[in-house]
Protein chains: 2
Amino acid sequence: MKSSNTKVSNAIIRRLPRYRRYLNELRKQGVKKISSNELSELIGYTASQIRQDLNTFGGFGQQGYGYTVDSLFNEINRILGLDREYKTIVVGIGNLGQAITNYTYYYKIGFNIVGLFDVNPKLVGLSINDVLVRDFSEMSDFVKENNIDIAIICVNRENAQKVTNVLVDAGIEGIWNFAPLDLDVPEHVAVENVHLSDSLHTLSFMIRSNELEESDK
Amino acid sequence: MKSSNTKVSNAIIRRLPRYRRYLNELRKQGVKKISSNELSELIGYTASQIRQDLNTFGGFGQQGYGYTVDSLFNEINRILGLDREYKTIVVGIGNLGQAITNYTYYYKIGFNIVGLFDVNPKLVGLSINDVLVRDFSEMSDFVKENNIDIAIICVNRENAQKVTNVLVDAGIEGIWNFAPLDLDVPEHVAVENVHLSDSLHTLSFMIRSNELEESDK
DNA sequence: TAGATTGTTAATCGATTAACAATC
DNA sequence: TAGATTGTTAATCGATTAACAATC
């Protein structure tokens, strides 16, 4: 594996989880080996790009043979940091927060939801999947005392930066942000945005483009 | 506005909703005019890129003055296809489906949820925001009869392609896909994915990178 | 060994940035 | 008019693709 301080381009990072998804499927189907050409057919990236991408992190293949599905899958898991567990909290337990909590709880191995926080007294005291909803005022201490790695932000736009500041001060490592704004954080804190509005607007753009193309004919 | 068949790069498309978001904020704050330099400061793209991006669609500014916030906001709305309404259905009314339904209903003007579908008899017959949950078997006819534009797919991985095929046959224009796979659709159908797993794995990668960098010092 | 396929270098393509003429 | 700032062309940079030598 190459030096960790070689900055990996964003384009590659975005492709990694996709490689993982397809390799996982192949693995489940019992496929043992795959060549960059076969993978290309499946994923839709060029074989050349696949080889380039993988070689950013190391030589995982074997000339004349291809890649062993299982070991490549494991390598990518390791690259993605999925070979460990993350202590995770959710902030903002409204509709979306509850759904994301359940989603993460049931489907995301390694991301352990250990705390839920909200300001709404109607929610504080309730439990979701046996995890208690605590008052927001307790969050800072909780993050420090339990060495929380990741916070999932599901509060509204207006409060998201304030929540973020508290999390950063308490030593959070990563934020999965569902609030529709770009958070201001120091460099050592990772932020991944899920901007649902932006995504829906992108869909709208594509539909409009298709319609224009149709009417051009 | 330039010809609609000039293919707009994906990079630009992804930036458009972000322009919209910042312009909307400025508009709400009562800001009347803005230069590409000021906008650059705010959004974090270079002024040059902003001018390039906007000029892909037309000359919306005025030399020596800048851009009028209100009219630029309106132009971008139009470019994004947000100057119309979309008849929308949600397929798969589990936890995530319900959350997305509520989210879209309350926050997304123009995306009118007019139908909900599921196979679960416990859900069929219920209402969310006064919209009835119907059995999946009724979906195809419903889409045809009501000229549905957009379907939001919140079913599981296993059923997502099957659901998609029915939607495509019924004449859907766009799909907002929350299932963790890449759907196979004809070219005239727009698909926008929200791959929550991929997003979380990207966050994991970034956290790991930061940790490696830290330990390198 | 011969064939296959990777790993890697070189070429190409596209996107971003810089520069500046046009013009409000 | 002078100053400011866009719109647009040219230069640069980075990412993708092609080619092929290395090697299993």
Side-chain angles (χ1 to χ4, degrees), chain A residues 1-3 5-19 22-23 26 31-76 79 202 205, chain B residues 1-3 5-19 22-23 26 31-76 79 202 205:
Chain A
M1 175 130 176
K2 294 183 185 166
S3 169
N5 47 31
T6 316
K7 184 82 174 83
V8 179
S9 84
N10 200 54
I12 295 179
I13 298 173
R14 294 284 152 191
R15 283 193 292 269
L16 289 174
R18 199 167 144 121
Y19 287 123
Y22 280 89
L23 287 165
L26 289 166
V31 178
K32 292 295 173 208
K33 65 143 276 194
I34 195 154
S35 70
S36 57
N37 258 301
E38 293 166 316
L39 209 48
S40 167
E41 197 81 7
L42 219 59
I43 309 193
Y45 305 144
T46 63
S48 196
Q49 178 160 73
I50 292 169
R51 294 203 300 279
Q52 284 277 25
D53 281 354
L54 296 178
N55 276 89
T56 308
F57 301 100
F60 303 133
Q62 201 172 332
Q63 277 118 325
Y65 176 80
Y67 300 89
T68 305
V69 171
D70 261 331
S71 75
L72 186 56
F73 176 71
N74 289 333
E75 290 290 355
I76 288 183
I79 292 163
T202 302
F205 176 90
Chain B
M1 176 129 179
K2 291 183 187 167
S3 169
N5 47 32
T6 317
K7 185 82 174 81
V8 180
S9 84
N10 200 55
I12 295 178
I13 298 173
R14 295 284 152 191
R15 284 194 291 270
L16 289 174
R18 198 166 144 122
Y19 287 123
Y22 280 89
L23 287 165
L26 289 166
V31 178
K32 292 298 173 207
K33 65 144 279 195
I34 195 155
S35 70
S36 56
N37 258 300
E38 293 166 318
L39 210 47
S40 166
E41 196 81 5
L42 220 59
I43 309 193
Y45 305 145
T46 63
S48 195
Q49 178 160 73
I50 291 169
R51 294 203 299 279
Q52 283 278 24
D53 281 353
L54 296 178
N55 276 90
T56 308
F57 302 100
F60 304 133
Q62 202 172 332
Q63 277 118 326
Y65 176 81
Y67 301 88
T68 306
V69 171
D70 261 331
S71 76
L72 186 55
F73 176 70
N74 289 332
E75 290 291 355
I76 287 182
I79 291 163
T202 301
F205 176 91

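Just so it is clear: chains get the letters A, B, ... in the order the sequence lines come, proteins before strands, and each one is counted from 1. No experiment lies behind these values; they were computed from the predicted model shown.
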Please state how far atom [atom1] in [X] lies from atom [atom2] in [N], giving the value in whole angstrom units.
X       : N      : atom1 : atom2 : answer
B:Asn37 : D:dA4  : CG    : P     : 12 Å
B:Gln63 : C:dT23 : CD    : C1'   : 5 Å
A:Ile34 : C:dT5  : CD1   : C1'   : 13 Å
A:Leu54 : C:dG7  : CG    : P     : 8 Å
B:Arg14 : C:dA15 : CZ    : C1'   : 16 Å
A:Ile12 : D:dT16 : CD1   : P     : 7 Å
B:Tyr67 : C:dC24 : OH    : C1'   : 13 Å
B:Leu39 : D:dT5  : CG    : P     : 13 Å

Kindly compute the distance separating [atom1] ([X]) from [atom2] ([Y]), expressed to the nearest 0.5 Å.
X       : Y       : atom1 : atom2 : result
B:Ile34 : B:Leu72 : CD1   : CG    : 9.0 Å
A:Leu42 : A:Leu23 : CG    : CG    : 9.0 Å
B:Tyr67 : B:Leu54 : OH    : CG    : 5.0 Å

Are [X] and [Y] packed together at the side-chain level, in the sense that at least one heavy-atom pair is separated by less than 4.5 angstrom?
X        : Y       : answer
A:Phe60  : A:Ile76 : no
A:Phe205 : B:Ile12 : no
A:Tyr45  : A:Arg15 : yes
B:Leu16  : B:Val8  : no

When you measure from the side chain of B:Thr68 to the backbone N and O of B:Lys33, does any donor-acceptor pair fall under 3.5 Å?
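Not at all, since once roles are kept as given, no pair shorter than 3.5 Å links the two residues.
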Check the phosphate of D:dT5 against B:Ser36, side-chain N and O only, distance under 4.0 Å to OP1 or OP2. Yes or no?
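No, outside the criterion.
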Does a side-chain N or O from B:Arg15 land closer than 4.0 Å to OP1 or OP2 of C:dT16, or not?
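Affirmative; the distance criterion is met.
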Quick one: list whatever passes side chain to side chain contact (heavy atoms under 4.5 Å, CB included) with A:Ser48, sequence neighbours left out.
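Per chain and number, A:Ser48 pairs via side chain to side chain contact (heavy atoms under 4.5 Å, CB included) with A:Thr46.
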Contacts of B:Ser35 that satisfy side chain to side chain contact (heavy atoms under 4.5 Å, CB included) - sequence neighbours left out
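Result, side chain to side chain contact (heavy atoms under 4.5 Å, CB included) vs B:Ser35: B:Asn37, B:Glu38.
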Contacts of type side-chain hydrogen bond (donor to acceptor under 3.5 Å, both in side chains), residue A:Thr202, not counting sequence neighbours
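Here no residue qualifies.
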Base-pair map of DNA chain C as dot-bracket, where | denotes pairing with a different strand and pairs are Watson-Crick or G-U under 3.5 Å:
..||||||||||||||||||||||
First encountered from the 5' end of DNA chain D, between B:Gly59 and A:Gly64
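The residue whose closest nucleotide sits nearer the 5' end is B:Gly59.
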Which residues, if any, of residues 43-53 of chain B bring a heavy atom under 4.0 Å of DNA chain D?
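Going residue by residue through residues 43-53 of chain B, the ones with a heavy atom under 4.0 Å of DNA chain D turn out to be B:Arg51, B:Gln52.
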Polar pairs (N or O, both sides) under 3.5 Å between protein and nucleotides 12-14 of chain C?
none

